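Accompanying notes for the structure given below.
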Amino acid sequence: MAAFSLAGCTTYHDVALQQKEAGLNSPYYLLQPPVYVGDQLKYGLKDGSGGELTVAKVEPKDIVADSGKIIPLAELSFLQRKDLSTGKTAALVGGGAVATTAIVFVAGITIMAAGIAASA
């Protein structure tokens, strides 16, 4: 249940791509913020296709998905990384605490009312 609740506390953030030169004809891409193995990404390609993937490997010119699919960084039109949203998490935890308090309060009143009715 907690894992299901926390799944709603994620959001996608843009990852900036900047082409750099390591030397003669050796371009690579700087990803900001960095992308790591295990990150979940949403991407769009210049040809209009796109999708979602989990990163298995980051190479200077490509991202390799855990499915084996290779995404050339030069072909990306956008890249987003799934991150935990602290604002959404705080709202969920705060909202959950309020709801739990309300349920316990109502249950207590109901039990007391049933006890009073039974003794009358």
Side-chain angles (χ1 to χ4, degrees):
M1 178 71 166
F4 178 73
S5 297
L6 289 177
C9 297
T10 58
T11 188
Y12 282 93
H13 291 106
D14 290 333
V15 175
L17 295 157
Q18 186 177 24
Q19 187 174 357
K20 299 279 191 171
E21 290 290 329
L24 294 174
N25 285 334
S26 296
Y28 69 96
Y29 287 84
L30 177 65
L31 304 175
Q32 201 59 28
V35 171
Y36 299 104
V37 170
D39 282 350
Q40 293 179 327
L41 305 178
K42 187 184 292 185
Y43 66 93
L45 299 176
K46 293 176 182 175
D47 68 5
S49 64
E52 296 183 22
L53 61 85
T54 300
V55 177
K57 188 176 182 182
V58 180
E59 298 180 338
K61 297 180 186 179
D62 303 305
I63 292 176
V64 181
D66 61 353
S67 66
K69 183 172 185 164
I70 298 172
I71 308 296
L73 294 172
E75 297 299 317
L76 288 173
S77 61
F78 77 87
L79 184 64
Q80 297 177 321
R81 184 179 69 193
K82 189 182 230 182
D83 292 316
L84 184 64
S85 172
T86 54
K88 288 181 183 178
T89 302
L92 178 66
V93 170
V98 169
T100 301
T101 302
I103 290 168
V104 168
F105 179 75
V106 170
I109 298 267
T110 303
I111 292 168
M112 285 179 22
I116 291 170
S119 66

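None of the values given here were measured: they were computed from a predicted structure.
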Check whether Leu17 and Leu45 end up in the same hydrophobic cluster, where Ile, Leu, Val, Met, Phe, Trp and Tyr are linked by side-chain heavy atoms less than 4.5 Å apart. yes
In Å, rounded to the nearest 0.5 Å, how long is the span from NZ of Lys61 to CD1 of Ile70? 13.0 Å
Can you get from Leu73 to Val64 by hopping between Ile, Leu, Val, Met, Phe, Trp and Tyr side chains that sit under 4.5 Å apart? no
Between Ala65 and Leu53, the two heavy atoms sitting closest are CB-CB, 3.8 Å
Taking all non-hydrogen atoms of both residues into account, name the closest pair between Phe78 and Lys42 and its distance. CE1-O, 3.9 Å
Non-hydrogen atoms of Tyr28 and Glu21 that approach each other most closely: CE2-C, 4.0 Å
Kindly work out whether a path of hydrophobic side-chain contacts (I/L/V/M/F/W/Y, heavy atoms less than 4.5 Å apart) joins Val58 to Leu76. yes
Can you tell me if Asp39 uses its side chain to pair, donor with acceptor, with the backbone of Tyr36 under 3.5 Å? yes
Suppose the criterion is side-chain hydrogen bond (donor to acceptor under 3.5 Å, both in side chains): which pairs have a residue in residues 64-79, not counting sequence neighbours? Tyr43-Lys69
Of the non-hydrogen atoms in Gln19 and Tyr29, which two are nearest, and what is the gap between them? OE1-OH, 3.6 Å
Does some side-chain heavy atom of Leu79 sit less than 4.5 Å from a side-chain heavy atom of Ile63? yes
By the definition side-chain contact (heavy atoms from CB on, under 4.5 Å), identify the one residue from Lys82, Arg81, Gln80 that meets it with Gln40. Lys82
